Amino acid sequence: MEFHMKQKLFKPGQILQRFGNPSTLTILGDDEVENSEILETFRRVDTLYLQRKDQDLQSVLIRNFNCLVYGLLGSVPLSLDDLLCLNSTSFTATGAQISQREINRFFKLWIAGSNPRLAHLEIQIWNQILNREVILKGIPYVAIPEDVERIVESSGEFLMGHRIQGGFDVWRRDGTKGTILIDLWSGDEGVEFIVWK
């Protein structure tokens, strides 16, 4: 189900009553009040596409989505605190305005035990050239050669059968393995993180 800008023909409650909860919800509007009403009305959504930052982004991030995609058009602010609020299994941020040091700190905190539900994280960085040394600083890892291809079979349904090449394997205290990939996607530099559950 998609909600576009200033689509006020029907109230979200009327749509919920008539059609029930959709499995996928896309919010493309820029009216914070309207967006909040939509998010509050459709509480049991499996996948959410959210175009822009809401005033209270963290209240969205703490919800149990299987998949949350944030920042569909243009750049969006994202902080370490936002990442630590994540309760989704898979999270993608496109055009994210976040420092590489914050990403590094997030990985350190994941190793220490944060974000236990997370299986996949993809952050496409806005207007930065990535520095692997900054992202991996102080993190114990095993570098996997670029010519080594692995098939993801245990990181949730999103990546089943997904092929990855190379990367940096890290382990959290409970023995769970994660792989950090630092790559380019369609002109945007980004970081991808896969948790092998």
Side-chain angles (χ1 to χ4, degrees), residues 2-7 12 24-43 45-139 158 178 180-195:
E2 285 189 17
F3 285 90
H4 294 269
M5 292 179 237
K6 301 189 182 3
Q7 228 181 5
T24 301
L25 181 62
T26 303
I27 301 176
L28 299 171
D30 59 3
D31 182 324
E32 288 181 23
V33 173
E34 187 176 302
N35 291 353
S36 294
E37 182 182 2
I38 293 166
L39 287 167
E40 193 58 38
T41 302
F42 299 100
R43 299 287 307 165
V45 175
D46 191 49
T47 301
L48 175 65
Y49 294 89
L50 186 62
Q51 173 183 323
R52 53 172 296 285
K53 179 185 180 359
D54 271 49
Q55 201 162 8
D56 191 11
L57 176 64
Q58 291 182 3
S59 69
V60 175
L61 295 174
I62 63 172
R63 290 177 50 183
N64 289 335
F65 297 107
N66 272 337
C67 181
L68 175 57
V69 179
Y70 168 57
L72 302 172
L73 304 169
S75 67
V76 290
L78 187 67
S79 70
L80 174 60
D81 287 341
D82 293 335
L83 291 176
L84 293 174
C85 286
L86 271 177
N87 202 21
S88 296
T89 307
S90 178
F91 177 71
T92 300
T94 60
Q97 296 172 349
I98 185 170
S99 76
Q100 295 174 58
R101 285 186 176 185
E102 286 181 295
I103 293 171
N104 168 270
R105 186 75 182 126
F106 173 77
F107 288 137
K108 289 177 180 176
L109 291 169
W110 180 86
I111 289 168
S114 74
N115 301 76
R117 286 192 76 230
L118 186 66
H120 178 249
L121 173 74
E122 183 177 334
I123 302 174
Q124 294 178 8
I125 307 296
W126 180 262
N127 208 18
Q128 290 184 49
I129 296 174
L130 292 182
N131 182 332
R132 287 185 177 152
E133 287 75 33
V134 172
I135 292 172
L136 298 172
K137 183 178 181 179
I139 296 174
F158 308 103
I180 300 169
L181 301 163
I182 303 170
D183 276 321
L184 295 172
W185 296 286
S186 64
D188 291 330
E189 297 205 19
V191 176
E192 188 171 8
F193 184 57
I194 297 166
V195 179

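Keep in mind that this is a model prediction, so the values were computed, not measured.
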Q) Distance-only, no hydrogens or angles: does the Lys137 side chain make a donor-acceptor pair with backbone N or O of Arg101 under 3.5 Å? A) no

Q: Determine yes or no for a side-chain-to-main-chain donor-acceptor pair under 3.5 angstrom, with Gln100 supplying the side chain and Val134 the backbone.
A: no

Q.
So, applying side chain to side chain contact (heavy atoms under 4.5 Å, CB included) with Ile125, which one of Ile98, Leu78, Ile182 is it?
A. Ile98

Hey, does [Y] have a side-chain heavy atom less than 4.5 Å from the side chain of [X]?
X      : Y      : answer
Leu84  : Leu80  : yes
Tyr70  : Val60  : no
Asn87  : Arg63  : no
Leu121 : Phe106 : yes
Phe107 : Val191 : yes
Leu57  : Leu50  : yes

Quick check for you: to the nearest 0.5 Å, what is the distance between [X] atom [atom1] and [Y] atom [atom2]?
X      : Y      : atom1 : atom2 : result
Glu122 : Phe91  : CD    : CZ    : 10.5 Å
Asp46  : Thr89  : CG    : OG1   : 8.5 Å
Leu61  : Ser88  : CG    : OG    : 7.0 Å
Phe65  : Ser90  : CZ    : OG    : 12.5 Å
Glu133 : Asn104 : CD    : CG    : 11.5 Å
Asp81  : Arg105 : CG    : CZ    : 11.0 Å

Q | From CA spacing to verdict: side-chain contact (heavy atoms from CB on, under 4.5 Å), Leu83, Ile123 | A | CA-CA 10 Å; Leu83 291 176; Ile123 302 174; 4.1 Å; yes

Q) What pair of heavy atoms forms the shortest contact from Cys67 to Val69, and how long is it? A) SG-CG2, 4.1 Å

**Q.** Closest approach of Gln97 to Ser75 (non-hydrogen atoms, all atoms of both residues)
**A.** NE2-OG, 2.8 Å

Q: Apply side-chain contact (heavy atoms from CB on, under 4.5 Å) to Arg117 and Asn66, showing your working.
A: CA-CA 10 Å; Arg117 286 192 76 230; Asn66 272 337; 4.3 Å; yes

